[in-house]
Amino acid sequence: MAGMSGSASVAEASLTPAGDTADLRSAFACFPSGVAAVCARLDSGPVGMLVSSFTSVSLQPALASISVMESSRTWARLRRARRLGISFLAHDQHHVCTQFTSQPLDRFAGLDIAQTTDGAVLLPDATAWLDCSVHDEVPAGDHVIVLLRIHALHGRPAASPLVFHGSEFHQLSA
Ligand SMILES: Cc1cc2nc3c(=O)[nH]c(=O)nc-3n(C[C@H](O)[C@H](O)[C@H](O)COP(=O)(O)O)c2cc1C
């Protein structure tokens, strides 16, 4: 912080060590993101989880990443899939979040889904779809950074996204 002035010195005075996970969670929650459903068809049927950690990584080759809890039982299953479907949720897809996070865990009950021949599962009405495979997995603390190779995609740039910020769902407004 040396050399910074004005409001930066006020921020320095309020910095606390990063050991408290509640503080860390709260600071991370200040960074808005979209919400993506990561889904694939396994022998048992469709399997999926929500992530807010989707990040674009590279154009050539086409790569993206997600960060998943290393203890995630869903990821332990999904990582074996030949292809993973990524659907960026639209502003009116709260019901998908409710369904994916509530018990019992039939996350797809009553949901309309589409599937590629290689088993990527995609949710209609999303703002974009990516057909991916796992390119690499990098352990990172209590998470695993998953690099995804993107094989095919379709975007709907005019569609309005669901936004996750402050641990709540929002919509963009003008
Ligand atoms: C909006 C939202 C964003 C989430 N983002 C992530 C994420 O980026 N990484 C992750 O591992 N879990 C994330 N989760 C949690 C998982 O979706 C879900 O809790 C997890 O799959 C359940 O644990 P299980 O995999 O052991 O069943 C998120 C949940 C919500 C509601």
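Each residue takes its place number in the sequence, starting with 1.
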For the residue pair [X] and [Y], what are the closest heavy atoms and their distance?
X: Gly141; Y: Glu70; result: O-CG, 4.3 Å
X: Leu50; Y: Val35; result: CD2-CG1, 4.2 Å
X: Ser52; Y: Phe164; result: CB-CD2, 3.9 Å
X: Leu111; Y: Gln99; result: CG-NE2, 3.9 Å
X: Leu24; Y: Ala18; result: CD2-O, 4.2 Å
X: Ile86; Y: Ala36; result: CG2-CB, 3.9 Å

Sub-4.5 Å side-chain heavy-atom contact between [X] and [Y]:
X: Arg77; Y: Ser44; result: yes
X: Ser67; Y: Val51; result: no
X: Phe100; Y: Cys39; result: yes
X: Val68; Y: Arg79; result: no
X: Val138; Y: Leu147; result: no
X: Phe169; Y: Leu89; result: no

Distance (rounded to the nearest 0.5 Å) between Asp23 CG and Leu15 CG: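 Rounded to the nearest 0.5 Å, the CG-CG separation comes out at 11.5 Å.
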What is the distance from atom CD of Gln115 to atom CZ of Arg83, rounded to the nearest 0.5 Å? 13.0 Å
Are [X] and [Y] linked, directly or through other ILVMFWY residues, by side chains that come within less than 4.5 angstrom of each other?
X: Phe88; Y: Val163; result: no
X: Phe54; Y: Leu123; result: no
X: Val96; Y: Leu122; result: no
X: Leu153; Y: Leu84; result: yes
X: Ile145; Y: Ile66; result: no

Is there a donor-acceptor pair under 3.5 Å between the side chain of [X] and the backbone N or O of [Y]?
X: His165; Y: His170; result: no
X: Glu137; Y: Val146; result: no
X: Arg82; Y: Asp118; result: no
X: Gln93; Y: Pro124; result: yes

Among Leu63, Leu148, Ile150, which residue satisfies the side-chain contact (heavy atoms from CB on, under 4.5 Å) criterion with Val57? Leu63
Could you please spell out the steps behind the side-chain contact (heavy atoms from CB on, under 4.5 Å) verdict for Leu162 and Cys97? CA-CA 10 Å; Leu162 188 61; Cys97 299; 3.7 Å; yes
side-chain hydrogen bond (donor to acceptor under 3.5 Å, both in side chains) contacts in which one or both residues fall within residues 146-157, not counting sequence neighbours: Ser133-His151
Verdict with reasoning, Trp129 to Thr116, per side-chain contact (heavy atoms from CB on, under 4.5 Å): CA-CA 11 Å; Trp129 299 278; Thr116 68; over 6 Å; no
